Amino acid sequence: MTAFEDAVAAVLLTLRPGDVMTYGEVAAEAGRPGAARAVGSFLAHNGGDVPWWRVVTSTGRLVPGHETEHARRLRAEGITVRRGYAVRAGR
DNA sequence: TATCTGACGATAG
DNA sequence: CCTATCGCCAGAT
């Protein structure tokens, strides 16, 4: 595990059921603003060890290619999903 | 060291 | 709303 990957995992583990963050936000919290793409790459290979479903794209879109599974998990935490978009509390 | 790749992001059309 | 581009980062070759 690289320091970056460890930091990303740590950030995701602080999320509570119902919370959602974008790839960019996670990258910034992990100390690497702009590394959103790297976050996605990390989750793609380590989604089994972290709550990846609490991460969406900057526009609120669900993970491309995993929309069905993603929507299922989000709804399980009370997060509203419409036409492939996660609706964050307050909007 | 050079290139390619990908669960990204912002902008323009 | 969708595609095309360009910029960005970390990892793999």
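Since the structure is predicted, the reported quantities are computational estimates derived from the model, not experimental observations. Throughout, protein chains are lettered first and strands after them, A, B, ... in sequence-line order, and every chain is numbered starting at 1.
- Atom CZ of A/Arg32 and atom P of C/dG7 are 22 Å apart (whole Å).
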Tabulated below should be each protein N or O lying under 3.5 Å from an N or O of nucleotides 8-11 of chain B; please produce it.
unit_1 : atom_1 : unit_2  : atom_2 : d
B/dC8  : O4'    : A/Arg37 : N      : 3.4
B/dC8  : N4     : A/Arg37 : NH1    : 2.8
B/dC8  : N4     : A/Arg37 : NH2    : 3.3
B/dG9  : OP1    : A/Gly24 : N      : 3.3
B/dG9  : OP1    : A/Ser58 : N      : 3.3
B/dG9  : OP2    : A/Ser58 : N      : 2.9
B/dA10 : OP2    : A/Ser58 : OG     : 3.0

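- Residue pairs that meet the side chain to side chain donor-acceptor pair (under 3.5 Å) test with at least one member in residues 62-71 of chain A, sequence neighbours left out, are A/Arg61-A/Glu67, A/Glu69-A/Arg72, A/Glu69-A/Arg73.
- Here A/Arg37 pairs with nothing under the side chain to side chain donor-acceptor pair (under 3.5 Å) rule; sequence neighbours left out.
- Separating the CG atom of A/Asp6 from the C1' atom of C/dG11 is a distance of 17 Å, rounded to the nearest angstrom.
- Rounding to whole angstrom units, CZ of residue A/Phe42 and P of C/dC9 are separated by 19 Å.
- Atom NE2 of A/His45 is separated from atom P of B/dA7 by 7 Å (rounded to the nearest Å).
- Nearest heavy-atom pair across A/Pro64 and A/Thr57 is CD-CG2, 4.5 Å.
- Nearest heavy atoms, A/Ala30 versus A/Ala7: O-CB, 3.6 Å.
- Residues A/Arg54 and A/Pro17 have side chains in contact (heavy-atom distance under 4.5 Å, counting atoms from C-beta outward).
- A/Met1 belongs to a hydrophobic cluster whose other members, connected by ILVMFWY side-chain contacts under 4.5 Å either directly or through intermediates, are A/Phe4, A/Val8, A/Val11, A/Leu12, A/Leu15, A/Val20, A/Met21, A/Tyr23, A/Val26, A/Val39, A/Phe42, A/Leu43, A/Val50, A/Trp52, A/Trp53, A/Val55, A/Val56, A/Leu62, A/Val63, A/Leu74, A/Ile79, A/Val81.
- In terms of heavy-atom proximity, A/Gly18 sits nearest to A/Glu77 at N-OE1, 3.2 Å.
- In this structure, the CG atom of A/Asn46 is 17 Å from the P atom of B/dG6, given to the nearest Å.
- Legend: residues meeting side chain to side chain donor-acceptor pair (under 3.5 Å) with A/Ser41, ordered by chain and number and at least two apart, are absent.
- A stem is defined here as three or more consecutive Watson-Crick or G-U pairs, each with both distances under 3.5 Å; for DNA chain B these stems are B:2-6 with C:9-13, B:8-13 with C:2-7.
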